[in-house]
Amino acid sequence: MSSNYLRSMPSMPPIDSETEKDGLFVQSIARAMDVLSIFHQVDRPLSLQEISSLTGLGRSNVQRILFTLRSLGYITRDPDDRGYVPGLRLLDHSLDFLRLNPVVVKATPILLELRRAVRERVDLSIWDDLRLVYASRLQSKREILTSTFIGYSVPVFCVSGGWAILAQLEEAEADSILTRSHRAAFTPKTLTDLGALREKIRETREAGYATALEQVLPGEIAIGAAILDQARRPVAAIHVAGSLSEWTPEDFTRQFAPLLVQAARTISRV
């Protein structure tokens, strides 16, 4: 995955002024989360001054926040003492999310069975506005570093799971997501034109699943299907990904799309 998208991710979801004025809003917690979230945008340890500059918080404020977070295990020093990095305690919260999220809990045994059947990479991603966040990644024989990371995210506009989710929305809502997306190309094949993307979503709506060719990784084919909640709103997607050096798009979709769609229906709460 290109680091360009990683650097373009917001450190925190924007908070409107009315929320900040609410008496229930705790500013000190928000500032601490700003400090933790700033690491989303970097690939190295950060100094106190760098954290201050990136968050826009005063140096003394950051110093107190870092001291507190470090005392609690949420921030630590890099082993080579080059700066601050996230602490081990954060993984406890990742585990809490995975074991308590109803979609992940219900999907896990179904994904394992799907992986045994297809013998290709199988992913579960959770929808978060303009992006999908990976919550499960079951590898094939072809492993790359970024495809092993739970918590990694990809933009909705150019992946099979994203198209499957957009196809389940009203056109106006899907269009809003496309127009708000930073439609940067990852490969020469990445679709970025609004007209082409709208057509892809229409095709996905008709087929019941999406097929993406070399949208994020060269040589990759991926098919995706949306997972729906009780209100028939998309909340997540599952994907099966393979290599175009081993499969034609027609053979890949013919063999795996029915299994993918059935797995998505089984997980969905409809």
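- In this structure, a donor-acceptor pair under 3.5 Å is present between the side chains of Thr248 and Asp251.
- Ion pairing of Arg233 with Glu173 is present here, as a side-chain N (NZ or NE/NH1/NH2) and a carboxylate O approach within less than 4.0 Å.
- Summarising the geometry, atom CG belonging to Leu130 is positioned 4.5 Å from atom OG belonging to Ser181; distances are rounded to the nearest 0.5 Å.
- Leu114 contributes atom CG, which lies 11.0 Å from atom CG of Leu124 (distance to the nearest 0.5 angstrom).
- Note on Asp229 versus Arg232: no salt bridge recorded, every NZ/NE/NH1/NH2 to OD/OE distance being 4.0 Å or above.
- Taking the side chain as every heavy atom from C-beta outward, Tyr84 and Thr76 never approach each other to under 4.5 Å.
- Taking the side chain as every heavy atom from C-beta outward, Tyr74 and Pro86 never approach each other to under 4.5 Å.
- Contact check on Asp129 versus Arg180 returns a salt bridge, with a Lys/Arg side-chain nitrogen under 4.0 Å from an Asp/Glu carboxylate oxygen.
- When every heavy atom of Ile267 is checked against every heavy atom of Val103, the shortest pair comes out as CG2-O, 4.3 Å.
- For the residue pair Phe25 and Ala30, the shortest heavy atom distance occurs at CZ-CB, 3.6 Å.
- Distance check, rounded to the nearest 0.5 Å: OG of Ser94 to CD1 of Ile150 gives 8.5 Å.
- No side-chain heavy atom of Pro234 sits under 4.5 Å from any side-chain heavy atom of Ile227.
- For the residue pair His239 and Tyr209, no side-chain donor N or O sits within less than 3.5 Å of a side-chain acceptor on the partner.
- If you check the side chains of Glu120 and Trp247, you find a donor sitting under 3.5 Å from an acceptor.
- With hydrophobic clusters built from ILVMFWY side chains whose heavy atoms lie under 4.5 angstrom apart, Val35 does not share a cluster with Leu91.
- In the hydrophobic cluster analysis, where Ile, Leu, Val, Met, Phe, Trp and Tyr join through side-chain heavy atoms closer than 4.5 angstrom, Phe67 is grouped apart from Leu69.
- For the atom pair Arg183 CZ and Phe157 CZ, the distance stands at 7.5 Å (nearest 0.5 Å).
- Using a distance-only test at 3.5 Å, with no hydrogens or angles considered, a donor-acceptor pair links the side chain of Arg115 to the main chain of Gln139.
- Between Val26 and Ser28 there is a side-chain heavy-atom pair separated by less than 4.5 Å.
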Given Thr187 and Val216, is the side chain to side chain contact (heavy atoms under 4.5 Å, CB included) satisfied, shown in steps?
-> CA-CA 6 Å; Thr187 78; Val216 175; 5.7 Å; no
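- Residues Val105 and Ile238 do not share a hydrophobic cluster, clusters being chains of Ile/Leu/Val/Met/Phe/Trp/Tyr side chains in contact below 4.5 Å.
- Side chain of Asp193 to backbone of Ala196: a donor-acceptor contact under 3.5 angstrom is found.
- If you chain together hydrophobic residues whose side chains sit under 4.5 Å apart, Val85 and Ile38 never meet in one group.
- Here the side chains of Leu197 and Thr192 are not in contact, with every heavy-atom distance at 4.5 Å or above.
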Go through the steps for Asp92 and Arg89 under the test side chain to side chain contact (heavy atoms under 4.5 Å, CB included), then give the verdict.
-> CA-CA 5 Å; Asp92 295 332; Arg89 188 62 61 83; 2.9 Å; yes
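- Rounded to the nearest 0.5 Å, atoms CG (Leu90) and CZ (Phe39) are 9.5 Å apart.
- Side-chain atoms of Glu246 never come within 3.5 Å of backbone atoms of Leu244 as a donor-acceptor pair (strictly under, hydrogens ignored).
- Leu72 and Leu95 fall into different hydrophobic clusters, where Ile, Leu, Val, Met, Phe, Trp and Tyr are joined by side-chain heavy atoms under 4.5 Å apart, directly or via other members.
- Once rounded to the nearest 0.5 Å, the distance linking CD of Glu214 with CD1 of Ile221 reads 9.5 Å.
- Residues Ile165 and Gln168 have side chains not in contact (no heavy-atom distance under 4.5 Å, counting atoms from C-beta outward).
- Taking the side chain as every heavy atom from C-beta outward, Val154 and Val159 approach each other to under 4.5 Å.
- Side-chain atoms of Ser176 never come within 3.5 Å of backbone atoms of Ala172 as a donor-acceptor pair (strictly under, hydrogens ignored).
- Nearest heavy atoms, Val104 versus Leu98: CG1-O, 3.4 Å.
- A salt bridge is absent between Glu250 and Arg254: the closest approach of a Lys/Arg side-chain nitrogen to an acidic carboxylate oxygen does not fall below 4.0 angstrom.
- The backbone N or O of Arg137 lies less than 3.5 Å from no partner atom in the side chain of Arg121, so there is not a single donor-acceptor pair.
- Looking at every heavy atom in both residues, Leu132 comes nearest to Gly161 through CD1-C, 3.7 Å.
- The number of heavy-atom neighbours closer than 6.0 Å to CD of Gln27, taken from other residues, nucleotides and ligands shown, is above 12.
- No donor-acceptor pair closer than 3.5 Å links the side chain of Lys106 to the backbone N or O of Arg269.
- Checking side-chain atoms of Ser243 against main-chain N and O of Ser245 turns up a donor-acceptor pair under 3.5 Å.
- Of the N and O atoms on the side chains of Arg59 and Gln49, at least one donor lies less than 3.5 Å from an acceptor on the other residue.
- In terms of heavy atoms, Ala167 sits closest to Thr204 at CB-CG2, 3.7 Å.
- The pair Lys189-Glu220 does not count as a salt bridge, with every side-chain nitrogen at least 4.0 angstrom from each carboxylate oxygen.
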Worked verdict on Val156 versus Asp128 for side chain to side chain contact (heavy atoms under 4.5 Å, CB included) = CA-CA 9 Å; Val156 165; Asp128 180 32; over 6 Å; no
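- Side chains of Leu36 and Ile75 form a contact here, defined as non-hydrogen atoms less than 4.5 Å apart.
- Under the 3.5 Å distance criterion, the side-chain polar atoms of Thr68 are matched with a main-chain donor or acceptor of Arg64.
- Of all the heavy atoms in Phe186 and Pro155, the pair that sits closest is CE1-CG, 3.6 Å.
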Kindly determine whether Leu46 and Arg44 satisfy side chain to side chain contact (heavy atoms under 4.5 Å, CB included), including the steps that lead there.
-> CA-CA 6 Å; Leu46 294 174; Arg44 59 178 177 79; 3.9 Å; yes
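- Under a 3.5 Å cut-off, the side chain of Ser153 and the backbone N or O of Val133 do not form any donor-acceptor pair.
- The pair Arg31-Asp34 fails the salt-bridge criterion, with no side-chain N (NZ, NE, NH1 or NH2) lying under 4.0 Å from an Asp/Glu carboxylate O.
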